[in-house]
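Inspection log for the structure reproduced underneath, given as structure tokens.
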Amino acid sequence: SKLAEVSHPPAYWEDSQLNTDFSNVLEHVPKCMDKQDNFFRKKVGVMDVSWLKHNRIMFLFSDGDDHAGSDISKGIRELNKRKIKIFSIGVGTRAGKKITIRAYNPNDPEKLVKETRETKLQMRKLNEIVVKTGGDSYAIDSAAGIGGAQSFLKNAVSANRTLTPS
């Protein structure tokens with residue numbers, strides 16, 4: 001239900017709040033998941049927990065607008081090497097919305113400049129990521145789409161569970 005409340009603030013102070021650098025995200029996730037796995041693997045005896053390698057998935061919530069246009073192939077390789085599937089959830093409207101940002105002028109950091117940008121749901125990059133990692137995608141482009149998101153998330157988790165005998 002919180003996704004229905006997502007809206008844009010009246011102004012942004014810098015454009016990094018509007019950009020998703022997909023290459024950084026996709027390269028960062030495998031490293032973080034490796035750290036988490038290594039932590040639990042080392043703490044098996046200390047924390048009195050058992051260690052089983054589980055299927056790993058990631059949910060990527062984004063409007064899919066790729067301003068950075070960076071190369072995602074390195075991140076995709078690392079995800080595939082670790083068999084991490086990405087499930088993307090596109091959030092936004094296909095019609096888009098014009099928003100105004102107040103950003104620092106790169107030539108004069110003492111001055112702010114106003115820029116108008118359009119942000120809208122763009123599934124192309126999100127779909128590319130899920131195809132290359134074996135995941136799936138879902139779009140929430142209206143309040144009606146929120147109900148299906150819960151089923152999408154549950155199904156993604158259930159389909160990637162490892163059944164282990166106890």
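Each residue takes its place number in the sequence, starting with 1.
Side-chain contact, Asn127 with Ser137: a donor N or O sits under 3.5 Å from an acceptor N or O.
Note on residues 147-156: no pairs pass side chain to side chain donor-acceptor pair (under 3.5 Å), not counting sequence neighbours. Identified under the salt bridge (charged side-chain N to carboxylate O under 4.0 Å, His left out) test for residues 127-140, with sequence neighbours left out: Arg124-Glu128, Lys125-Glu128, Glu128-Lys132. Within the structure, the ring-ring contact (aromatic ring centres under 6.0 Å, His included) test picks out the following pairs touching residues 107-154 (sequence neighbours left out): Tyr138-Phe152.
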Worked check of side-chain contact (heavy atoms from CB on, under 4.5 Å) between Ile129 and Ile72: CA-CA 8 Å; Ile129 291 167; Ile72 61 170; 3.8 Å; yes
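For Asp141, the side-chain hydrogen bond (donor to acceptor under 3.5 Å, both in side chains) criterion is met by Arg94, not counting sequence neighbours. Residues forming a side-chain hydrogen bond (donor to acceptor under 3.5 Å, both in side chains) with Gln122 (at least two apart in sequence, or on another chain): Asp65. Remark: Arg77 pairs with no residue by the salt bridge (Lys or Arg N to Asp or Glu O under 4.0 Å) rule, at least two apart or across chains. Annotation: salt bridge (Lys or Arg N to Asp or Glu O under 4.0 Å) contacts of Asp34 (sequence neighbours excluded): Arg56, Arg82. Taking Val157 as the reference, Ile57, Phe59, Arg161 meet the side-chain contact (heavy atoms from CB on, under 4.5 Å) condition, with sequence neighbours excluded. Residues forming a side-chain hydrogen bond (donor to acceptor under 3.5 Å, both in side chains) with Thr93 (at least two apart in sequence, or on another chain): none. Residues that satisfy the side-chain hydrogen bond (donor to acceptor under 3.5 Å, both in side chains) test with Asn80, not counting sequence neighbours, are absent from this structure. Legend: residues meeting salt bridge (Lys or Arg N to Asp or Glu O under 4.0 Å) with Lys81, ordered by chain and number and at least two apart, are Glu78.
When all heavy atoms are compared, the tightest approach of Leu26 to Pro30 is O-CD, 3.0 Å. Across Ser70 and Asp21, no two heavy atoms sit closer than the pair OG-OD1, 2.9 Å.
Formation of a donor-acceptor pair under 3.5 Å by the Asp63 side chain with backbone atoms of Val91 is not found in this model.
Met33 and Phe22 fall within a single hydrophobic cluster, where Ile, Leu, Val, Met, Phe, Trp and Tyr are joined by side-chain heavy atoms under 4.5 Å apart, directly or via other members.
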